[in-house]
Number of protein chains: 2
Amino acid sequence: MGISERKIREKSEREGRIIATARRIAEEEGWEAVTIRRLAQDIEYSQPVVYSHFASRDAIVGAVALEGFGDMADALRAAAPESLSPREALEAVVTAFLDFAFGRPAIYEAMFVLPSGLRFARSDTPPQLRNTFGALMAAIAPFCRDAELATETFWAALHGLVELERHGRIRPAFRASRLSLVVEAICHTPDGGT
Amino acid sequence: MGISERKIREKSEREGRIIATARRIAEEEGWEAVTIRRLAQDIEYSQPVVYSHFASRDAIVGAVALEGFGDMADALRAAAPESLSPREALEAVVTAFLDFAFGRPAIYEAMFVLPSGLRFARSDTPPQLRNTFGALMAAIAPFCRDAELATETFWAALHGLVELERHGRIRPAFRASRLSLVVEAICHTPDGGT
DNA sequence: AAGATATCCTAGCGATGCTAGATCTTCAAT
DNA sequence: ATTGAAGATCTAGCATCGCTAGGATATCTT
């Protein structure tokens with residue numbers, strides 16, 4: 001049955017091309033330029049073929065977001081080799097988080113802002129999401145008792161920094177200073193949140 | 001010239017009705033239900049009349065957001081009467097922030113997430129935005145040296161908490177614990193961000 | 001009363017996400 | 001080899017969106 005296997009393989013490749021194309025257009029022109037018609041044209045199939053892979057446009061955003069979480073998990077882990085001290089590792093990880101967010105804003109948007117159908121903290125949460133959260137938690141855990149709670153909280157701080165700066169709410173020039181402040185806060189806060 | 005004044009008054013009233021209608025629909029059914037056609041129908045005028053008041057849909061979102069900033073500034077100031085200690089005032093203000101965000105999610109969305117054309121930290125920044133930032137800063141200033149930087153940073157933390165919870169990224173049940181952690185962080189962090 | 005000026009509406013443009021139904025290809029069973 | 005079922009793909013279209021051109025109507029000025 002090599003023929004049906006080839007078909008499955010071709011279908012899988014086509015799905016990958018849809019995701020890659022969506023990602024590229026989003027990065028180059030923003031998500032509002034990612035339309036089903038445009039995707040169909042770029043992969044040289046008709047629109048219903050796109051819908052045979054993804055139930056909706058949001059599902060395509062979700063697929064790009066999932067890839068993004070894989071990339072971010074890798075980036076965060078790579079930023080904190082074991083040779084670093086806890087403080088150095090923490091600084092490296094939060095810096096890597098912001099670098100990812102501002103270096104690939106469209107992917108970040110898919111991951112955290114746009115409707116994508118992805119869910120955290122559930123039994124069906126994909127490993128990419130768990131790994132991203134885990135990489136953050138590994139950096140923060142040395143500084144507190146309830147690591148999960150602290151990770152949620154300081155993850156929120158990082159996300160807030162990204163979003164407010166993206167929307168022109170805070171001064172871009174002071175990004176590094178704010179990041180230092182967050183790191184200070186993590187290092188000096190007694191874990192009293194419970 | 002009472003006639004032309006009446007016309008100006010009527011036009012202003014109509015503008016207020018557009019904003020109020022947009023706000024109501026957004027709160028009841030979400031922003032995607034706020035369409036120009038729907039607004040026109042509700043105020044009993046045709047669509048071009050709506051465009052004679054607002055240049056675009058985004059401008060309507062911006063008008064609702066501006067009202068929202070006024071409301072939020074009031075809410076934050078009301079939460080922190082002078083009789084409170086700095087620590088109590090801080091807790092009251094951050095709690096009021098989250099209460100506003102989760103109590104009126106559509107208004108919050110207009111203020112912080114949707115494109116609205118509003119700009120912070122500029123010469124033309126409206127007073128409603130300045131007052132909101134000021135109310136936050138008043139609560140945080142007692143705990144740090146560079147109040148503006150600290151306010152930006154902890155404002156980001158609050159916004160991140162709201163956004164991650166809204167998107168199902170963190171556990172709703174632990175909202176209060178995370179908030180306690182943020183307050184702890186503000187109170188115990190030496191102001192080393194500069 | 002008549003011309004100028006606002007004011008407002010009808011109708012429509014070019015998009016969007018998404019889908020029904022027809023067409024064409026492929027494969028299994030006779 | 002033929003035929004009928006099953007699957008893959010496309011054409012064409014629906015409903016809706018933000019937004020606008022151009023004509024009709026009402027109002028004001030002279």
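Below, chain A is the first sequence line, B the second, and so on; all start at residue 1.
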Q: Give one of base, sugar-phosphate or nothing for S56(B), where a contact means two heavy atoms less than 4.0 Å apart.
A: sugar-phosphate
Q: Cationic tip of R171(A) within the cone over F174(A)'s six-membered ring, i.e. under 6.0 Å and within 45° of the normal?
A: yes
Q: For R14(B), which contact category applies under a 4.0 Å heavy-atom criterion: base, sugar-phosphate, or nothing?
A: sugar-phosphate
Q: Using a distance-only test with no angle check, is there a side-chain donor-acceptor pair under 3.5 angstrom linking H53(A) and Y45(A)?
A: no
Q: At under 4.0 Å between heavy atoms, what does V34(B) touch on the DNA or RNA strands: base, sugar-phosphate, or nothing?
A: sugar-phosphate
Q: Assess the side chains of E15(B) and S12(B): does a donor N or O sit below 3.5 Å from an acceptor N or O?
A: no
Q: When the distance from NE2 of H53(A) to P of dT9(D) is rounded to whole Å, what number comes out?
A: 8 Å
Q: Nearest whole Å is fine: how far is dG18(D) P from I18(B) CD1?
A: 14 Å
Q: With DNA chain C as reference, determine whether T35(A) or P48(A) sits nearer its 5' end, using the nearest nucleotide of each.
A: T35(A)
Q: Nearest whole angstrom, please: distance from the P of dT16(C) to the CG of L39(A).
A: 11 Å
Q: Using whole Å, what does the distance between atom P of nucleotide dG17(C) and atom CZ of R38(A) come to?
A: 12 Å
Q: For F69(B), does its backbone N or O pair with a side-chain atom of T132(B) as donor and acceptor, under 3.5 Å?
A: yes
Q: Using atom CD of Q47(A) as one end and atom C1' of dC18(C) as the other, report the distance to the nearest whole Å.
A: 8 Å
Q: What nucleotide among dC18(C), dC9(C), dC17(D) has an atom nearest to a side-chain atom of R37(B)?
A: dC17(D)
Q: Rounding to an integer number of Å, can you tell me how far D58(B) CG sits from dC17(D) P?
A: 16 Å
Q: Could you check which of dC19(D), dC8(C), dT9(D) has an atom nearest any side-chain atom of V49(A)?
A: dT9(D)
Q: Would you kindly give the CD-to-P distance between Q41(B) and dT16(D), to the nearest whole Å?
A: 12 Å
Q: Taking NZ, NE, NH1 and NH2 as the nitrogens, is one of them in R169(B) or E165(B) under 4.0 Å from a carboxylate oxygen of the other?
A: no
Q: Would you mind reading off the distance between I36(B) atom CD1 and dC17(D) atom P, rounded to a whole angstrom?
A: 10 Å
Q: Measuring from the side chain of Y45(A) (C-beta onward, heavy atoms only), which nucleotide among dC10(D), dC8(C), dA21(D) has the closest atom?
A: dC10(D)
